[in-house]
Structure formats: structure tokens, C-alpha cells
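The figures that follow rest on heavy atoms only: side chains count, while hydrogens, waters and symmetry mates do not. Letters A, B, ... are given to chains in the order of the sequence lines, protein chains preceding strands, and every chain is numbered from 1. What you are looking at is a predicted structure, and each value in this text was computed from that prediction instead of being measured.
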There are 2 protein chains.
Amino acid sequence: MAASIKDVAREAGVSIATVSRVLNNINVVNEETKKKVLEAIDKLQYRPNIVARSLKTQKTSTVGMIIPDISSQFYPEIVRGAEDVANIYDYNIMLCNTDLDLEKEVNYLRVLREKMVDGILYMSSSLQPKILEFIKELGIPMVLIENTDKEKNFPSVSIDNEGAAYDAVTYLIKNGNKRIAYIGKKDDDNNITSMRYVGYKRALEENGINLDASIVYSSGLKVEDGYKGMLRVIESGNLDAVFCGSDECAIGAINALREKGIKVPEDVDVMGFNDIYEASVFYPKLTTVSQPMYDMGSVGMRMLIKIINKQKIEEKNYVLPYQLVERESCKK
Amino acid sequence: MAASIKDVAREAGVSIATVSRVLNNINVVNEETKKKVLEAIDKLQYRPNIVARSLKTQKTSTVGMIIPDISSQFYPEIVRGAEDVANIYDYNIMLCNTDLDLEKEVNYLRVLREKMVDGILYMSSSLQPKILEFIKELGIPMVLIENTDKEKNFPSVSIDNEGAAYDAVTYLIKNGNKRIAYIGKKDDDNNITSMRYVGYKRALEENGINLDASIVYSSGLKVEDGYKGMLRVIESGNLDAVFCGSDECAIGAINALREKGIKVPEDVDVMGFNDIYEASVFYPKLTTVSQPMYDMGSVGMRMLIKIINKQKIEEKNYVLPYQLVERESCKK
DNA sequence: CTGAAAGCGCTAACAA
DNA sequence: TTGTTAGCGCTTTCAG
């Protein structure tokens, strides 16, 4: 067993209270004794046991991150952003993959409480009211990333998905496109990405373009969804452009178009969403709406830590700026 | 404060020991009393405090994962594989991003010990002897993923990088290619990816092809490394194929070739390594060596958990199978 | 400035 | 079958 505070106390010839004091930089411990303690610590290679400390202080300096799937393309960078600021404040991260599965989420939430995490960063494109209720009961500080609850009960950091989609589609229209397809989520009230459809609709409306349901494909957000959706949409005749609910979708869509001998962007413009890593590396490079993933993670974590430490937060619901990044999948 | 074991004991009219027994399914607690306890637990919504338990049992049911960077394309799936099996055995994961920075690694290792993790999954393409030494001193069960220490002191799970590279280059040669460039790491003894260069060399040799240093580019493994390397290598005249140390490299290389009006695979074959997600989605889809990322994570975690629980492991150094996946970036 | 002692919530002898 | 009790390693009053 590693050395404990007792061993250090014995070695230094002081009480454990004194050792604890130097450990925590409390009061003005006499320089002499402090030195003795430090020497003992050094000699014994002592390191405090944080579990014991946590039991006493009721703080673990660890926060849970609940995410749908780390192996998707969207979340790793958020996690990274969060970890980087956690690291600054000496917090650690416990990672929980839920696959958006309610049961898993509840389970993890329970475990996180049992393990006494100080706070939770909760990511879910699809917020179930039940979960929110459950979290509230848990009484653990939490901030939502990527999404916001309708009642704005919880602190959050996200972007304006509706506005971003609106801007993106407006861009497409300004580019001379009229017949613009939509491939992505819609009409799922719990799912934030459905807001992109709302933005799409509004852009069309405000520009006097009639929505044609035959070129709207309601789907998931993966590559194969984009692929399938595109194939389906093509059947409804010629197109000027496609607005996709995600970059993965856009990639799938472009692959489908390519198979059909349709060129991007020469024949049709394709717009993605999120600006995941592939977007800048795919051929053609995706024109897309950039979500500040890293920043969402880092400001989310910063906010959470403030809440944990009962500091005031400047804003409860951060809406981070998005950016339309023009690359190669749309004509300029 | 949430209910503690005391509250439950009081509510059920038994001792805390009894409560603890039903909690841990120990002995044959009388059915009657068990029922009473269970009711009390239910009524008070009691959940055990795992931190307290950990202090007593010296086990936390959490393991640390030390990885270079979760936001790179390689690690998320490993983490996912690890998490999935951790979940089965009721372990949680503490995530640590090190950027391959020695100081950060040491720091995290320390914290992990202070937080009493039961084990560590350590990933690093570049194993520093110092770190290994440090870990040994820590005395925490650890398994290496993606890499192996030369002395085979630590349990590990990886693939045969040299053999895989050999196979890949041999494939290129069988395909009729003679002038085959290499873009990737070489001569870094600590870095496992350097072994790909060794395999490259051997394949050339065994097929009677002279190694031409002017088409070997020693570099990092990122997209821009591949891009730069390709540009450089092209200057040395015509090429039949390029073997890249990573898929990112290959993507960068292909982008460079495309800019020069050189077609892949019509004019030159490009082979990647790893089979990250982009490989199957990029245009052209990458022919590459597939590392079983998810499996490396899951068998690594399974092995670690066995070690933690003092069970025998069948094999100390797992060498998982790789696979050459033929797609579009090489002629067939 | 320092020490004694209580206690965080739990497990595990040991007794009964 | 159940209860009592001694810690796990630390922080934090409260005295001195």
C-alpha cells in the first residue's frame, strides 16, 4: 500500500492535521514544520488519496460527459474542448456513450451520481423530457451542450440551428438555385436537428419559393441516409441544389450524385452542416455550416465548473456563433 | 444530502451491516428482513455511495484511458470498443488526452493513481521508456493498446505493423507497380508506425526492387504531411504508386496528386493505413490496411479487467489480425 | 501555530 | 441470521 497521510505525519514528527494543512495550503503553517512535512512527503513519495478526500469533502473533481457516441464524427472534438478546460481546473472526465438510448442514459446518470461526480455535461441531439426530469431530481449541476430544453430550465451552449439553416439555404438561393432539396431530420420535436428543416422552410418561403415535398427526404443524418435520400430525391426530376442536415448526409448525397453522373458543384450544389473534419478533406471539399464543436465543449465545461463552484455565470443559455464556410461543393 | 446507509438502517429497523449485506448480496439474509431493507431503500430512494465503498474496498470500478487525442480520427473507435465492454462489467472510463506530451502523461498517470483507478489502458504510438518505468512503479494494472514495449513487459494488444506494411506493399508490387514511394514515419525507434517503413523496405527487397531514397518522405501522419510529402516526392520524377503511413497521409497525397492533374488510381496507386472512417467515404475510396480499432479497444479492456480481477489471461500480447481492404485508390 | 478527535459512507471481521 | 465496531485516508472543527 502506498504511503498515507499517517506515514507522512510520523515521518515528519507532526500530526496528520498539520500534514493536511500543508497539503491544502491552509493557514500559515510554520515554515520550519512545513519544510519537514514537505521533506517527508518527498521521501515517502507520498500522494494524497483523492477518494478519501472526496468522501470527506463531497467533491470528486470529476465530471461526467454523456454523449451519444464518441465514435461518431461530431462529438470527439466537443469532448476534447471540454477536456482541455477541465484539465486547467483539475477536473477529470468520465465518459459515457449512450447511443441516445434512454435506458443507458438513466443508468449512467445513476452511476454518475453514485460516483459523486461534481457535474454533468449532457449532450443529446434528442432531449427526452423524462431524462430532464430525472436529472433535475438528481440535483447535480448540469449543462446541456448542442441542445436546449424548451423551457430553458437548464444552462446550455448551442448554436441557433434554425437561423443557421436559414442562412445556408438563403445562400443557396442567392447562388441562383431554385429547386433545393432537403435531406435530414424533420418534425421530431425533441430533436434539435429538426430545426434545420424549419430554417430551410422559412428561407424558401421568404424567397417566394414553393416547398416541394417530393424533394424533401426525412431521414437520419448518416452517410447512408444521405445516399439513400439523394437517390430517392433524384427520381423527382432535376434539382439545383441540396441542403443536407449533416456533413455525413452531404457526403452520402454527393456519392450518390457521382454515381448518377451528376457533378458537384457544376450540376448541383450540395450544402452540408456541422463542418466535421471530413468536410475539409472530402472531394469536393464541403461548403457547410460550421458549428464550433471545440468551443461548445470548452465553454460548456467552463460554465459547468463555475456552476459547481457557485460562481455566477454571465449567461445561462449560450448561443455560439456559427459560420458558413464556402468551399467547393457549391458554386460561388 | 442524499440518504445514506444509516438512514436506510433506521428506516428498516436493522443495523447498517444488514443493509450492507443485502446491498452486496452477501450470505443468506433472512427474506423478511431483506424485504424490509429493500422497502426502505425504495422508500428513501437510496443509492450507495460508491466513493465511500471505494475507500473501503480500495476499488473504484473505474479505469483510466490515456490516449493521444480523442479528436483525431483513430482513437474514438478504440475508446468506444473499450467503453462497451467496460459497461458490461460495470466499469467506467476516465478519459485523458495527452497529445503525446510526456509531461501530460506523467501528470495524468499521477492523478489516475490518486483517484485510485483500478487499471489503465494506455495508448501511444510512441512509447517512451521513461513512462513505462513510471507506470511500473505506479503498480497499477495496465495494458498497452496499439503498441508493444520492446521487452514485452506489459500486456498489450496491437497488430503486426511490419507485416501489414509488407503485405500492403507486396500487393502494390503484384499490381504491377515498381516505383513505389513511402510517405510516413521512419527511423523513430519508439514509434510503432515506423515499423511500416520496415515492412515497406522488406517488401521492396524481397521483390528485387531497389529502394530509392528520393521517393521516401519521412514525416508525420497527418493530411498536410501527406500533401507536402507528395508534392516533394513528385519532383523526383514519375511514380507508380505511393504507400502511406496513414489514411490521413493518403488523403493528403491524393489531394496533392489531384492538384497536379495526376489521377488516382489511373495514373498512380495510393495505399493508406488504418482504415479510419474517412477511408470508406473519401473519393476515391481508399484501399488501405484495416486495423481493428474497435476490437483493440474491447479486447484491451477485457484483458485489463481480467488482470484487475486476478484472472488468468490467455495471452499476454495479443496480435490482432489486420486486413487489406481493396477499394478504389489502387488499380485492381 | 499545532494537535486531538470526530466523521464522510461504507465493508468486513468478530461476536452474539 | 444479525449487530457492533474498527477502520479505509482524509478534512476540519475545537482546544490548547
Inset, instruction - Choose from D/dG3, C/dG9, D/dT12 the nucleotide whose nearest atom is closest to any side-chain atom of A/Lys56. - result: D/dT12
Legend entry - Separation of atom CD1 in A/Ile5 from atom P in C/dA6, rounded to whole Å: 17 Å
Inset, instruction - Starting at atom CG of B/Leu23, determine the distance to atom P of C/dA12, rounded to an integer number of angstrom. - result: 12 Å
Inset, instruction - Find out whether B/Glu103 and B/Val106 are in side-chain contact, i.e. whether some heavy atom of one side chain is under 4.5 Å from a heavy atom of the other. - result: no
Inset, instruction - Measure from the side chain of B/Tyr46, starting at C-beta and using heavy atoms only, and say which of C/dA4, D/dT2, C/dC10 lies closest. - result: C/dC10
Inset, instruction - Would you state whether a donor and an acceptor, one from the side chain of B/Arg47 and one from the base of C/dG9, lie under 3.5 Å apart? - result: no
Legend entry - Rounded interatomic separation in angstrom, taking CD from B/Glu32 and C1' from D/dT1: 13 Å
Inset, instruction - Please figure out whether B/Asn30 or A/Thr57 has its closest DNA chain D nucleotide nearer the 5' end. - result: B/Asn30
Inset, instruction - Give a yes/no answer on whether the side chain of B/Gln58 brings an N or O atom under 4.0 Å of OP1 or OP2 in C/dT11. - result: no
Inset, instruction - Map A/Ser15 and B/Ile16 onto DNA chain C by nearest heavy atom, then report which one ends up closer to the 5' terminus. - result: A/Ser15
Inset, instruction - Send over the distance from B/Ile26 CD1 to C/dC10 P, rounded to a whole Å. - result: 14 Å
Legend entry - Nucleotide C/dG9, atom P - distance to CZ of B/Arg10 in whole Å: 12 Å
Inset, instruction - Please tell me which of the listed nucleotides, D/dG9, C/dA4, D/dT2, lies nearest to the side chain of A/Ser4? - result: D/dG9
Inset, instruction - Please determine if a side-chain N or O atom of A/Ser54 lies less than 4.0 Å away from the OP1 or OP2 oxygen of D/dC10. - result: no
Legend entry - Euclidean distance, atom NZ of residue A/Lys36 to atom C1' of C/dT2 [Å, nearest integer]: 11 Å
Inset, instruction - Can you tell me the distance, in whole Å, between the CZ atom of A/Arg21 and the P atom of D/dT11? - result: 11 Å
Inset, instruction - Select one nucleotide: of D/dT11, C/dT11, D/dT2, the one nearest the side-chain heavy atoms of A/Asn24. - result: D/dT11
Legend entry - B/Arg53 side chain near C/dG9 phosphate (N/O to OP1/OP2, under 4.0 Å): no
Inset, instruction - Scan A/Val51 against the nucleic acid and name what it touches under 4.0 Å (heavy atoms): base, sugar-phosphate only, or nothing. - result: nothing
Inset, instruction - Say whether A/Asn97 and A/Tyr75, considering side chains only, have a donor N or O and an acceptor N or O under 3.5 Å apart. - result: no
Inset, instruction - Compare side-chain N and O positions of B/Thr18 against OP1 and OP2 of D/dT2 and report whether any pair is under 4.0 Å apart. - result: no
Inset, instruction - Any chance you could lay out the side-chain contact (heavy atoms from CB on, under 4.5 Å) test for B/Asp90 and B/Ser61, step after step, and finish with the verdict? - result: CA-CA 7 Å; B/Asp90 291 325; B/Ser61 297; 5.8 Å; no
Legend entry - Closest to side chain of B/Lys6, choosing from C/dC8, D/dG9, D/dT4: C/dC8
Legend entry - Nearest-Å distance for atom pair CD1/P, residues A/Ile50 and D/dC10: 10 Å
Inset, instruction - Examine the side chains of B/Asn147 and B/Ser158 and answer whether a donor and an acceptor come within less than 3.5 Å of each other. - result: no
Inset, instruction - Select one nucleotide: of D/dT2, D/dT11, C/dT11, the one nearest the side-chain heavy atoms of B/Ser20. - result: C/dT11
Inset, instruction - Name the closest nucleotide to the A/Leu55 side chain, picking from C/dG9, C/dA13, C/dG3. - result: C/dG9
Inset, instruction - Identify which one of B/Glu314, B/Lys316, B/Glu315 satisfies the side chain to side chain donor-acceptor pair (under 3.5 Å) criterion when paired with B/Tyr318. - result: B/Glu314
Legend entry - Student check: side-chain heavy atoms of B/Ile70 and A/Glu83 closer than 4.5 Å: no
